[in-house]
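The residues of the chain are indexed from 1 along the displayed sequence.
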Amino acid sequence: MYLEKLLVTLLAAPVMATAPATVSHQVVAQAPAAQAPAPQAAPKAEAPKAAEAPKPAEAPKAAEKKMTPEVKDLVDRMQSFYEKTQDFSSDFKQDYKYKALRRTQTSTGKVIYKKPGLMRWEYEKPSKRTFVLAGEKVYAFDPEAQTLSVGRIDTTQLSASVTFLFGQGNLANEFSITKGECKDCKGTLLVLDPLKAEPRFRQVRLEVDPKTAQVLKSTVVDPDGSENAIAFLNLKTNVGVAADAFKLNPPEGTRIDDFTKTQQRK
């Protein structure tokens, strides 16, 4: 499912849902502001044990390396920059390199963010799609298929590679951070290797403007070696993004698959 793939590779967070619940009547879905505390998930009943598939080899832990003064200064300034950022808007260019298929899919669009925890990705090419992260919920709207999917994520499980953009988390607590070599980079390349085995991704690379400490490009390397690179273009901060910009009003006739209702019934 495209929604799950986006979360795993872009937000590095698992979807807390299993099967979709189709809502037959028409509703207007709006992304709520994330200000209420996250609800406690109900305990899941144990299912009968089935034959277990062989588990993939666990990724080795990265050897913790002390950051050089140059890297530490840039990381500290980068985190401070996003702690002071209340909102931002940016164009983006996403290149997803499928290692197994040996091909790259390029997408473009716009992204906006507002504290606390509101983010909207408006894909324009190659096809129009909208994704909204609003607290514990994720909305995925596909106008061509006339479907709106609603999922739930556990924001407490978000990696620091994501939460530092929200002004939270500490990269140095989760990653060994070193300076990488990059001839084509417009900024300083920081290579982040997880200190603990991480099933969601293998590595994160951040291209950072050494003057402003803004992230110019973020690349997440999947466990299978595929790479999801997102370049932020024309980024503007503290522009006064309105909360209404994160509302979704699908047209009449849109099918709504609400994963959250399925989860609540369990």
Exercise for review: Show your reasoning for whether side chain to side chain contact (heavy atoms under 4.5 Å, CB included) applies to Leu74 and Leu190.
Suggested key: CA-CA 9 Å; Leu74 183 56; Leu190 297 180; 4.2 Å; yes
Practice item. List the steps, then state whether side chain to side chain contact (heavy atoms under 4.5 Å, CB included) holds for Ile112 with Glu122. Key: CA-CA 9 Å; Ile112 56 174; Glu122 200 74 46; over 6 Å; no
Point to revise | Distance, nearest 0.5 Å, that separates CH2 of Trp121 from OG of Ser107 | key: 11.0 Å
Exercise for review: Please collect all disulfide bond (SG atoms under 2.5 Å apart) contacts where either partner lies in residues 163-196, sequence neighbours excluded, each pair once.
Suggested key: Cys182-Cys185
Check your understanding: So do the side chains of Tyr96 and Val220 get within less than 4.5 Å of each other, counting heavy atoms only?
Key -> no
**Study point:** Under the side chain to side chain donor-acceptor pair (under 3.5 Å) test, residues paired with Ser218 that sit two or more places apart
**Key:** none
Check your understanding: Backbone N or O of Ala245 within a donor-acceptor pair of the Arg120 side chain at under 3.5 Å?
Key -> yes
Point to revise | Non-neighbouring partners of Thr104 that pass side chain to side chain donor-acceptor pair (under 3.5 Å), sequence neighbours left out | key: none
Point to revise | Cluster link Leu118 to Val241, ILVMFWY, side chain under 4.5 Å | key: yes
**Study point:** Contact summary for Pro199 and Ala197, nearest pair of heavy atoms
**Key:** CD-O, 3.9 Å
Exercise for review: Would you check if Lys128 and Asp142 make a side-chain contact, meaning some heavy-atom pair closer than 4.5 Å?
Suggested key: no
Point to revise | side chain to side chain donor-acceptor pair (under 3.5 Å) against Asn238, all qualifying residues, sequence neighbours excluded | key: none
**Study point:** Closest contact, heavy atoms only, Val215 versus Phe232
**Key:** O-CD1, 3.8 Å
Practice item. Let me see the working for Phe141 and Phe131 under ring pair (Phe, Tyr, Trp, His ring centres under 6.0 Å), right down to the final yes or no. Key: CA-CA 6 Å; Phe141 175 56; Phe131 297 89; over 10 Å; no
Review point. Among all residues two or more places apart in sequence or in another chain, which pass the salt bridge (Lys or Arg N to Asp or Glu O under 4.0 Å) test with Glu174?
Key: none
Review point. Who are the side chain to side chain contact (heavy atoms under 4.5 Å, CB included) partners of Gln214, not counting sequence neighbours?
Key: Phe81, Tyr82, Thr212, Leu235, Thr237
Point to revise | Phe246 and Tyr139 aromatic centres sub-6.0 Å | key: no
Review point. Are the side chains of Arg202 and Asp222 in touch, meaning some heavy atoms are under 4.5 Å apart?
Key: no
Review point. What pairs meet the salt bridge (charged side-chain N to carboxylate O under 4.0 Å, His left out) rule with one or both residues in residues 232-244, with sequence neighbours excluded?
Key: Asp244-Lys247
Review point. When you look at Ile177 and Leu171, which way does the side chain to side chain contact (heavy atoms under 4.5 Å, CB included) test go after all the steps?
Key: CA-CA 8 Å; Ile177 308 175; Leu171 292 172; 3.9 Å; yes
Practice item. Output, in order, the C-alpha distance, side-chain angles, deciding distance and verdict of side chain to side chain contact (heavy atoms under 4.5 Å, CB included) for Tyr113 and Lys115. Key: CA-CA 7 Å; Tyr113 164 75; Lys115 286 183 178 177; 3.0 Å; yes
Review point. How long is the gap from CG on Asn234 to CZ on Phe92, to the nearest 0.5 Å?
Key: 13.0 Å
Study note, to complete from the structure: Contacts satisfying disulfide bond (SG atoms under 2.5 Å apart) that involve residues 66-98 (not counting sequence neighbours) are none
Study note, to complete from the structure: d(Thr130 OG1, Glu124 CD) to nearest 0.5 Å is 9.5 Å
**Study point:** Over-ring placement of Arg103 relative to Tyr98, 6.0 Å and 45° cut-offs
**Key:** yes
Practice item. With sequence neighbours left out, write down each residue that passes side chain to side chain donor-acceptor pair (under 3.5 Å) with Glu227, or none if nothing qualifies. Key: Arg205
Point to revise | Test item: Phe88 and Met119 side chains (from C-beta on) under 4.5 Å apart, heavy atoms | key: yes
Review point. Would you say Phe201 and Ile230 are hydrophobically clustered, going by side-chain heavy atoms of ILVMFWY under 4.5 Å?
Key: yes
Check your understanding: Do the side chain of Arg77 and the main chain of Pro210 share a donor and acceptor less than 3.5 angstrom apart?
Key -> yes
Check your understanding: Is Phe259 close to Val150 at the side-chain level, that is, under 4.5 Å between some pair of heavy atoms?
Key -> no
Practice item. Starting at OG of Ser149, measure out to CG of Asp257 and round the result to the nearest 0.5 Å. Key: 5.0 Å
Review point. For Lys217, does the NZ atom sit with more than 12 other heavy atoms under 6.0 Å from it, leaving out its own atoms?
Key: no
Review point. Can you name the nearest heavy-atom pair linking Glu207 to Gly187, along with the distance?
Key: OE2-N, 3.2 Å
Revision key, fill the gap. Residue set satisfying salt bridge (Lys or Arg N to Asp or Glu O under 4.0 Å) with Asp76, at least two apart, ordered chain then number -> Lys72
Check your understanding: What are the two closest heavy atoms between Thr254 and Leu148, and how far apart are they?
Key -> CG2-N, 3.8 Å
Review point. If you look at every heavy atom in Gln203 and Leu192, which pair is closest and at what distance?
Key: CG-O, 3.3 Å
**Study point:** Residues in salt bridge (Lys or Arg N to Asp or Glu O under 4.0 Å) contact with Glu70, at least two apart in sequence or another chain
**Key:** Lys179
Review point. With sequence neighbours left out, which residue pairs that include part of residues 85-94 fulfil the salt bridge (charged side-chain N to carboxylate O under 4.0 Å, His left out) condition?
Key: Asp91-Lys110, Lys93-Asp95
Review point. Looking only at heavy atoms, what is the nearest atom pair of Val239 and Ser89, with distance?
Key: CG2-OG, 4.1 Å
Practice item. Report the distance from atom CG of Asn249 to atom CD of Glu252, rounding to the nearest 0.5 Å. Key: 13.5 Å
Review point. Transitively linked via ILVMFWY side-chain contacts under 4.5 Å: Met67 with Val191?
Key: no
Check your understanding: Do other residues, nucleotides or ligands put more than 12 heavy atoms under 6.0 Å from the NZ atom of Lys97?
Key -> no
